[in-house]
Amino acid sequence: MDTALAHLDAPPGVAAVGIGVHGCASRTDVFSLPNLWQLHLYGYEADLTVNGTAHAIRPGRVSLIPPGTTVRYRYRGRSEHLYVHLRLGSAGPPIRIPVIQDAGTELVPLGAQLNSALSAWPSSPARATAEVWAALWRVAHLAPPRTAGTTAPHPAVAAALAMIEARLAEPLSVAEIAKAAGVSHNHLTRLFRAATGSTVVGYLRARRMERARHFLQATTLSIPAIAASVGMPDLQAFNKACRRDLGASPRAIRHGLNRHAVPQATRLP
């Protein structure tokens, strides 16, 4: 077994958090957890077999193994690791995650989250659960996340999407986004349309309008402040964009009178 499908859209049910000490009485352990997932963060070298597939344990690697999976550990000596035993629900699309992978640059924050969960577990299980949930999402994103039946977007598209989300309030050109993504303007345009079904400009405009709709409906921010926060400080242009893309004026949207949804082309398939 090389990967597992995990649903992470709902908080996990944490059964135990601790430090496992192995390799003392025996250099080999063979076991399974029939009803629980296993999340381990390693600081030693050992050999791991997951349902017959061999993997190498090295310091800084993390494993996530589904319930009912037979694991075989072969230790070099005394070995300690952080572990969490947990249940996952079925909310949201399943994400394909390697059963073991390098934490890389995420090792320090991941270790901090799991150590915080360990400290909180006896007195505040809810906080420990929150830390574990955040750690699971961090683990899921060590490799490009993939939902069942889909492929991850091209790295240039992923970089463009991240830049757009981070800079919705700023002026952005396709050339600037393409440069940050490390590809040409034309190449990004082709990649982006294949991944999202939209142009870069169309996607950027739609994301700004989605954020504007949220601020109009969920906050009491002034309309000029909202317009500026989505990169459209010209109120006349903002009003026109709301009517065109959201189906009503900003004031009507604020009072729930708009009836048009944001185009689905703004969503990744």
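Quick note: residue numbers are just sequence positions, from 1.
Within the model, atoms NE2 of His185 and OG of Ser173 stand 7.5 Å from one another, a figure rounded to the nearest 0.5 Å. Remark: Glu131 CD to Leu118 CG distance equals 11.0 Å, nearest 0.5 Å. Taken from CZ in Arg190 to OG in Ser184, the straight-line distance is 6.0 Å, to the nearest 0.5 Å. Taking CG of Asp2 as the start and CD of Gln101 as the end, the distance is 12.0 Å to the nearest 0.5 Å. Expressed to the nearest 0.5 Å, how far NE2 of His214 lies from OG of Ser229 amounts to 10.0 Å. To the nearest 0.5 Å, atom CG of residue Leu216 and atom CZ of residue Arg211 are 13.0 Å apart.
The backbone N or O of Tyr75 sits nowhere less than 3.5 Å from a side-chain atom of Ser79 that would complete a donor-acceptor pair. With hydrogens and angles disregarded, a donor-acceptor distance shorter than 3.5 Å links the side chain of Arg208 to the backbone of Leu168. A donor-acceptor distance shorter than 3.5 angstrom exists from the side chain of Thr69 to the backbone of Pro66, with no hydrogens or angles considered. Looking only at distances, a side-chain donor or acceptor of Asn115 sits under 3.5 Å from a matching main-chain atom of Gly111. Using modelled atom types, no side-chain atom of Ser124 and backbone atom of Ala120 make a donor-acceptor pair closer than 3.5 Å. The backbone N or O of Gln236 lies less than 3.5 Å from a partner atom in the side chain of Asp234, making a donor-acceptor pair. Not one N or O on the side chain of His55 forms a donor-acceptor pair closer than 3.5 Å with the backbone of Leu48.
Taking hydrophobic clusters as Ile, Leu, Val, Met, Phe, Trp and Tyr residues chained together by side-chain heavy-atom distances below 4.5 Å, Leu142 shares a cluster with Leu86. Residues Tyr44 and Leu114 do not share a hydrophobic cluster, clusters being chains of Ile/Leu/Val/Met/Phe/Trp/Tyr side chains in contact below 4.5 Å. Trp121 and Leu36 fall into different hydrophobic clusters, where Ile, Leu, Val, Met, Phe, Trp and Tyr side chains are chained together by heavy-atom contacts under 4.5 Å. A continuous path of hydrophobic side-chain contacts links Val62 to Trp133 [ILVMFWY only; heavy atoms under 4.5 Å]. Ile164 and Val183 end up in the same hydrophobic cluster when Ile, Leu, Val, Met, Phe, Trp and Tyr side chains are linked at under 4.5 Å.
Using a 4.5 Å heavy-atom threshold, the side chains of Pro12 and Arg87 count as separate. At least one side-chain heavy atom of Leu161 sits under 4.5 Å from a side-chain heavy atom of Phe192. Taking the side chain as every heavy atom from C-beta outward, Arg78 and Val21 approach each other to under 4.5 Å. In this structure, Arg138 and Gln113 have side chains that are in contact, with non-hydrogen atoms separated by less than 4.5 Å. Inter-residue side-chain proximity for Arg243 and Ser249 is flagged as met; some heavy-atom pair is nearer than 4.5 Å. At a threshold of 4.5 Å between non-hydrogen side-chain atoms, the residues Arg244 and Met209 do not count as touching. At a threshold of 4.5 Å between non-hydrogen side-chain atoms, the residues Thr3 and Ile97 do not count as touching. In this structure the side chain of Pro250 never reaches within 4.5 angstrom of the side chain of Ile226, judged on heavy atoms.
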**Request:** Could you check Arg167 against Leu172 for side-chain contact (heavy atoms from CB on, under 4.5 Å), going step by step and ending with a plain yes or no?
**Result:** CA-CA 8 Å; Arg167 296 181 56 183; Leu172 270 179; 3.8 Å; yes
**Request:** Would you please test Glu176 and Met163 for side-chain contact (heavy atoms from CB on, under 4.5 Å) and show each step?
**Result:** CA-CA 10 Å; Glu176 187 179 2; Met163 184 177 186; 4.1 Å; yes
**Request:** Test side-chain contact (heavy atoms from CB on, under 4.5 Å) on Val84 and Trp37 and set out the steps.
**Result:** CA-CA 8 Å; Val84 183; Trp37 288 76; over 6 Å; no
**Asked** Can you list the steps and then say if Arg76 with Asp47 is a salt bridge (Lys or Arg N to Asp or Glu O under 4.0 Å)?
**Response** CA-CA 9 Å; Arg76 310 276 200 271; Asp47 300 312; 3.1 Å; yes
**Prompt:** Step by step, would you call Leu39 with Ser63 a side-chain contact (heavy atoms from CB on, under 4.5 Å)?
**Reply:** CA-CA 6 Å; Leu39 174 64; Ser63 64; over 6 Å; no
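Nearest approach of Phe215 to Arg254, heavy atoms of both residues: O-NH2, 3.5 Å. In terms of heavy-atom proximity, Met1 sits nearest to Val99 at O-CG2, 3.5 Å. Here the shortest heavy-atom pairing between Ala140 and Ile95 reads CB-CG2, 4.4 Å. Between Tyr83 and Gly20, the closest heavy-atom pair is CD2-N, 3.4 Å. Residues Ile65 and Tyr73 come closest through the heavy atom pair CD1-OH, 4.5 Å. A pairwise comparison of heavy atoms in Arg61 and Ala56 identifies NH1-O, 2.7 Å as the closest pair.
Ring-plane geometry between Tyr42 and His81 is classed as perpendicular, the angle between the planes exceeding 60 degrees on a 0 to 90 degree scale with a lower cut at 30. Ring orientation note: the planes of Trp137 and His141 are tilted relative to one another, at an angle of 30° to 60°.
Between Arg72 and Asp29 there is no salt bridge, since no side-chain nitrogen of the basic residue lies less than 4.0 Å from a carboxylate oxygen of the acidic one. The pair Arg213-Glu210 does not meet the salt-bridge criterion, since no charged nitrogen lies less than 4.0 angstrom from a carboxylate oxygen.
More than 12 heavy atoms of other residues, nucleotides or ligands sit less than 6.0 Å from atom CD of Glu165.
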